[in-house]
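This is the structure I want to talk about, given as structure tokens.
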Amino acid sequence: MLGGDVVAAWEVALSDGVYTVQFAHGTTTGKRIVYVNGQEVIRKDWMFKLVGKETFHIGKSNTRATVNIEAVSGFAYEYTLDVGGKRLQSFIANRAKTTKTWLLSVDGHDYRIVLEKNTMDVWCNGQKMDTVGEFADDGTETNFLVGEHECCIKAASSGKKNSSIHHFLLLDREKVAASAQ
């Protein structure tokens with residue numbers, strides 16, 4: 001159960017899911033509590049030092065995260081979150097380059113599919129998928145199943161020099177729009 005001293009909250013999108021991180025800080029008692037998806041992962045009561053850091057791990061990959069507590073003036077504090085050794089904003093920007101995400105609804109179920117471009121690992125709703133990779137005339141194909149449906153992530157060059165590789169998802173041979181997350 002979340003306490004009344006929650007002073008900051010962040011959403012962290014990893015390959016295995018989107019995690020909500022909340023931080024409670026009792027500025028009179030020094031209490032520090034970190035919640036991940038509503039579950040308490042750190043609790044420290046009666047801390048005499050009101051500034052500092054709390055480090056914990058998120059997700060199946062045990063991604064390191066740190067809440068930073070800094071005094072800005074008097075009894076005002078600033079809270080920032082580092083994920084994977086980077087400020088959250090930098091982490092998000094880097095993930096936008098290294099992953100591609102699709103949100104889709106199939107047979108009444110919602111799916112979040114994430115491609116990790118550097119490893120070509122595919123995650124669906126928090127589970128790493130069994131995939132089969134193949135070379136094709138226009139690039140590569142990574143095939144897997146979502147329920148009874150055939151999925152294929154195609155990787156193809158844009159055809160322009162110094163341009164990146166484009167990834168797109170086919171569900172039963174139909175193109176699916178990518179998500180911003």
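All heavy atoms count here, side chains included; hydrogens, waters and symmetry mates do not.
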What is the minimum heavy-atom distance between Tyr19 and Gly59, and which atoms define it? OH-CA, 3.3 Å

Residues pairing under ring pair (Phe, Tyr, Trp, His ring centres under 6.0 Å) where one sits in residues 104-145, two or more places apart or in two chains, turn out to be none

Give, for atom NZ of Lys100 and atom CD1 of Ile153, the distance between the pair rounded to the nearest 0.5 Å. 10.0 Å

Identify the heavy atoms of Leu171 and Cys151 that sit nearest to each other, and give their distance. CD1-SG, 3.5 Å

Non-hydrogen side-chain atoms of Val34 and Glu40 separated by less than 4.5 Å: no

For Ile113 and Leu115: C-alpha separation, side-chain torsions, deciding distance, then whether side chain to side chain contact (heavy atoms under 4.5 Å, CB included) applies. CA-CA 7 Å; Ile113 297 173; Leu115 168 67; over 6 Å; no

Tell me every residue that passes ring pair (Phe, Tyr, Trp, His ring centres under 6.0 Å) with His167, counting only those two or more places apart in sequence or in another chain. none

What pairs with Ala96 under side chain to side chain contact (heavy atoms under 4.5 Å, CB included), at least two apart in sequence or on another chain? none

Stepwise side chain to side chain contact (heavy atoms under 4.5 Å, CB included) check, Leu14 with Thr63: CA-CA 9 Å; Leu14 299 176; Thr63 301; 4.0 Å; yes

Connected via hydrophobic side-chain network under 4.5 Å: Leu170 and Ile165: no

Taking atom CD of Glu150 as the centre, does the number of heavy atoms from other residues, nucleotides or ligands within less than 6.0 Å exceed 12? no

Note, Asp107 side chain near His149 side chain (heavy atom, < 4.5 Å): yes

Listed by chain and number, what are the ring pair (Phe, Tyr, Trp, His ring centres under 6.0 Å) partners of Phe56, not counting sequence neighbours? none

Nearest heavy atoms of Ala9 and Gln22, plus distance in Å: CB-CG, 3.9 Å

For Thr55, check side-chain hydrogen bond (donor to acceptor under 3.5 Å, both in side chains) against everything at least two apart and list the hits. Thr66

What heavy-atom pair brings Leu88 and Glu11 nearest, and what distance separates the two atoms? CD2-O, 4.1 Å

Just to verify, what does Ala93 make a side chain to side chain contact (heavy atoms under 4.5 Å, CB included) with, not counting sequence neighbours? none

Pick one: which of Lys31, Arg32, Arg43 meets salt bridge (Lys or Arg N to Asp or Glu O under 4.0 Å) with Glu54? Arg32

Could you list all the salt bridge (charged side-chain N to carboxylate O under 4.0 Å, His left out) pairs where at least one residue sits in residues 164-175, not counting sequence neighbours? none

Between the side chains of Asn68 and Thr80, is a donor N or O closer than 3.5 angstrom to an acceptor N or O? yes

Apart from Val72 itself, what residues make up its hydrophobic cluster, given side-chain heavy atom links below 4.5 Å? none

Does anything in residues 122-135 form a salt bridge (charged side-chain N to carboxylate O under 4.0 Å, His left out)? List the pairs, not counting sequence neighbours. Asp121-Lys128

Check the surroundings of atom CZ in Arg64: do more than 12 heavy atoms from other residues, nucleotides or ligands lie under 6.0 Å from it? no

Donor-acceptor pair, Asp138 side chain versus Ala156 backbone, under 3.5 Å? no

Contacts of type side chain to side chain contact (heavy atoms under 4.5 Å, CB included), residue Asp137, not counting sequence neighbours: none

The reported gap from CG in Leu104 to CZ in Arg112 (rounded to nearest 0.5 angstrom) is 12.0 Å

Indicate yes or no for a side-chain donor-acceptor contact from Asp16 to the backbone of Lys60 under 3.5 Å, with no hydrogens or angles considered. yes

Mind running side chain to side chain contact (heavy atoms under 4.5 Å, CB included) on Val21 and Val12 for me, showing each step along the way? CA-CA 7 Å; Val21 175; Val12 180; 4.3 Å; yes

Please report the shortest heavy-atom distance between Gly26 and Asp5, naming the atom on each side. CA-OD2, 4.1 Å

With sequence neighbours excluded, tell me which residues meet side chain to side chain contact (heavy atoms under 4.5 Å, CB included) with Tyr79. Val7, Ala8, Trp10, Phe23, His25, Thr27, Ile69, Tyr77

In terms of hydrophobic clustering (I, L, V, M, F, W, Y; side-chain heavy atoms under 4.5 Å; direct or indirect links), are Phe168 and Leu145 co-clustered? no

Residues in side-chain hydrogen bond (donor to acceptor under 3.5 Å, both in side chains) contact with Asn143, at least two apart in sequence or another chain: none

Non-hydrogen atoms of Arg95 and Ala13 that approach each other most closely: NE-O, 3.0 Å

Between Glu116 and Thr99, is any side-chain donor less than 3.5 angstrom from a side-chain acceptor? no

